[in-house]
Protein chains: 2
Amino acid sequence: MSEPNPGEPSAEDPRLLDALGQTALVIVGLLTSIAAEHDLSLTQARVLGILRDRRLRMTDLADYLGLERSTLSGLIDRAAGRGLVERSRSAEDGRSIEVALTDVGQQFASRAERDIAAALAPFTARLSPSERTSLTTLLERMLATGASDA
Amino acid sequence: MSEPNPGEPSAEDPRLLDALGQTALVIVGLLTSIAAEHDLSLTQARVLGILRDRRLRMTDLADYLGLERSTLSGLIDRAAGRGLVERSRSAEDGRSIEVALTDVGQQFASRAERDIAAALAPFTARLSPSERTSLTTLLERMLATGASDA
DNA sequence: TATTGTTATACTCTATAACTATA
DNA sequence: TATAGTTATAGAGTATAACAATA
């Protein structure tokens with residue numbers, strides 16, 4: 001994995017790695033700030049985002065986020081305490097609990113989505129429309145790949 | 001801020017926003033995993049990364065990371081306890097403490113850098129060399145901008 | 001027995017407030 | 001008085017281990 005593979009130049013691109021890392025940290029920082037404005041952690045905000053168009057069991061939601069079920073229990077406890085999500089026992093499997101957004105949670109999620117668009121606008125605005133299209137294509141291609149082995 | 005500004009199409013690009021957000025979360029997730037393999041949090045890893053080619057005062061390091069000084073005290077306590085960084089009183093200003101990597105910390109940082117390159121390789125490898133160049137350019141342009149108003 | 005979810009526990013990250021030492 | 005750093009405290013996020021209920 002760390003051999004200098006001669007036919008595989010992708011790791012020899014420090015500028016790209018830097019740009020990706022920087023971009024990631026900046027954007028996650030922005031997302032974290034926006035969440036904080038609504039008194040949410042980034043993780044809580046992600047929960048709302050994921051549940052925006054879905055109702056999920058605790059286990060599946062934990063898998064989505066890459067967290068332990070026990071971690072999710074606390075997360076959902078706090079979100080439910082604020083009236084953002086609701087738990088309900090599954091009809092099919094008596095062991096499962098399904099989580100869904102409340103109306104308040106939906107409104108929260110919508111507002112956050114607008115705020116995110118606004119916060120990212122200064123960044124994307126610096127690119128021309130065709131550059132934005134290129135960037136979208138490149139990022140989507142990169143993600144589609146990586147997902148298959150990460 | 002939420003008016004539908006007709007001459008400003010940058011916020012009307014949900015696919016780009018999605019791609020940026022997804023990319024950011026995936027990459028930060030990878031960085032977090034790599035740090036965890038070395039028993040470091042992402043924040044601790046960032047400290048090592050920042051100190052890789054610098055010696056900084058506590059306050060400046062806190063500013064770099066966007067954290068309170070009190071938060072940094074704990075962070076540096078733990079890193080120093082593991083022998084990764086060293087504190088030393090500033091010669092110029094008796095109030096200031098300078099932080100620098102130890103040899104062990106340097107080795108850690110080098111190893112982490114290689115691991116990051118290896119972890120990102122599957123993603124970047126899916127793009128052709130010229131696409132990688134384009135992506136680098138686009139990301140750098142976007143970052144250069146946003147930094148001026150975020 | 002295996003799976004779903006929760007609880008208990010412990011540690012890290014983070015901020016705010018109060019403090020000490022230096023400028 | 002203002003700045004640099006630490007400590008005390010508190011809350012959130014996280015994991016591991018032990019547990020209850022259901023399958």
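Please read these numbers as outputs of a predicted model, since none were measured by experiment. A, B, ... follow the sequence lines: proteins, then strands. Residue 1 opens every chain.
- Under the rule for a side-chain contact (heavy atoms from CB on, under 4.5 Å), the partners of B/Ser128 that lie at least two apart in sequence or sit in another chain are B/Ser130, B/Glu131.
- Counting non-hydrogen atoms under 4.0 angstrom, A/Ser96 reaches the backbone sugars and phosphates but no base.
- A nucleotide of DNA chain C counts as in contact with chain B when one of its atoms lies under 4.0 Å from a heavy atom; the first and last such, 5' to 3', are C/dT12 to C/dA23.
- Protein atom CD1 of B/Ile76 is 16 Å distant from nucleotide atom P of D/dA4, rounded to whole Å.
- For the pair B/Ile97 CD1 and D/dT7 C1', the interatomic distance rounds to 14 Å; values are reported in whole Å.
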Taking distance alone, no hydrogens or angles, what donor-acceptor pairs closer than 3.5 Å link side-chain atoms of residues 48-58 of chain B to residues at least two apart or in another chain?
{"from": "B/Arg52", "atom 1": "NH2", "to": "B/Glu113", "atom 2": "OE1", "distance (Å)": "3.0"}
{"from": "B/Arg54", "atom 1": "NE", "to": "B/Ile50", "atom 2": "O", "distance (Å)": "3.1"}
{"from": "B/Arg54", "atom 1": "NH1", "to": "B/Tyr64", "atom 2": "OH", "distance (Å)": "3.1"}
{"from": "B/Arg55", "atom 1": "NH1", "to": "B/Ser88", "atom 2": "OG", "distance (Å)": "3.1"}
{"from": "B/Arg55", "atom 1": "NH1", "to": "B/Glu98", "atom 2": "OE1", "distance (Å)": "3.4"}
{"from": "B/Arg57", "atom 1": "NE", "to": "B/Asp60", "atom 2": "OD2", "distance (Å)": "3.1"}
{"from": "B/Arg57", "atom 1": "NH1", "to": "B/Ser96", "atom 2": "OG", "distance (Å)": "3.2"}

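- Qualifying side-chain hydrogen bond (donor to acceptor under 3.5 Å, both in side chains) partners for B/Arg78, counting only residues two or more places apart in sequence or in other chains: none.
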Just the atom pairs and distances: protein N or O near nucleotides 11-16 of chain D's N or O, under 3.5 Å.
{"from": "D/dG13", "atom 1": "OP1", "to": "A/Ser41", "atom 2": "OG", "distance (Å)": "2.3"}
{"from": "D/dG13", "atom 1": "OP2", "to": "A/Gln44", "atom 2": "NE2", "distance (Å)": "3.4"}
{"from": "D/dG13", "atom 1": "OP2", "to": "A/Arg78", "atom 2": "NE", "distance (Å)": "2.5"}
{"from": "D/dG13", "atom 1": "OP2", "to": "A/Arg78", "atom 2": "NH2", "distance (Å)": "2.7"}
{"from": "D/dT14", "atom 1": "OP1", "to": "A/Thr43", "atom 2": "OG1", "distance (Å)": "3.3"}
{"from": "D/dT14", "atom 1": "OP2", "to": "A/Thr43", "atom 2": "OG1", "distance (Å)": "3.4"}
{"from": "D/dA15", "atom 1": "OP2", "to": "A/Glu68", "atom 2": "N", "distance (Å)": "3.1"}
{"from": "D/dA15", "atom 1": "OP2", "to": "A/Thr71", "atom 2": "OG1", "distance (Å)": "2.8"}
{"from": "D/dA15", "atom 1": "N7", "to": "A/Thr71", "atom 2": "OG1", "distance (Å)": "3.4"}
{"from": "D/dT16", "atom 1": "O4", "to": "A/Ser70", "atom 2": "OG", "distance (Å)": "2.7"}

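- Residues satisfying the side-chain hydrogen bond (donor to acceptor under 3.5 Å, both in side chains) test with A/Asp77, not counting sequence neighbours, are A/Arg87.
- Every pair tested for salt bridge (Lys or Arg N to Asp or Glu O under 4.0 Å) that includes a residue from residues 63-76 of chain B fails, sequence neighbours excluded, so the list is empty.
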Solution key, residues 18-44 of chain B side-chain donor-acceptor pairs under 3.5 Å, sequence neighbours excluded:
{"from": "B/Thr23", "atom 1": "OG1", "to": "B/Ala19", "atom 2": "O", "distance (Å)": "2.6"}
{"from": "B/Thr32", "atom 1": "OG1", "to": "B/Val28", "atom 2": "O", "distance (Å)": "2.7"}
{"from": "B/Ser33", "atom 1": "OG", "to": "B/Gly29", "atom 2": "O", "distance (Å)": "3.0"}
{"from": "B/His38", "atom 1": "NE2", "to": "B/Asp115", "atom 2": "OD2", "distance (Å)": "2.7"}
{"from": "B/Ser41", "atom 1": "OG", "to": "B/Thr43", "atom 2": "N", "distance (Å)": "3.4"}
{"from": "B/Ser41", "atom 1": "OG", "to": "B/Gln44", "atom 2": "N", "distance (Å)": "3.1"}
{"from": "B/Gln44", "atom 1": "NE2", "to": "B/Leu75", "atom 2": "O", "distance (Å)": "3.4"}

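- A/Leu16 places a side-chain heavy atom less than 4.5 Å from the side chain of B/Leu135.
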For nucleotides 21-23 of chain D, give me every protein contact, N/O to N/O, under 3.5 Å, one pair per line with atom names.
{"from": "D/dA23", "atom 1": "OP1", "to": "A/Gly94", "atom 2": "N", "distance (Å)": "2.8"}

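- The interatomic distance linking B/Asp77 (CG) with D/dG5 (P) rounds to 13 Å, in whole Å.
- Every residue two or more places apart in sequence or in another chain that forms a side-chain contact (heavy atoms from CB on, under 4.5 Å) with B/Ser134 is listed here: A/Leu138.
- Qualifying side-chain hydrogen bond (donor to acceptor under 3.5 Å, both in side chains) partners for A/Arg111, counting only residues two or more places apart in sequence or in other chains: none.
- A search for side-chain hydrogen bond (donor to acceptor under 3.5 Å, both in side chains) contacts involving A/Arg15 returns B/Glu140, not counting sequence neighbours.
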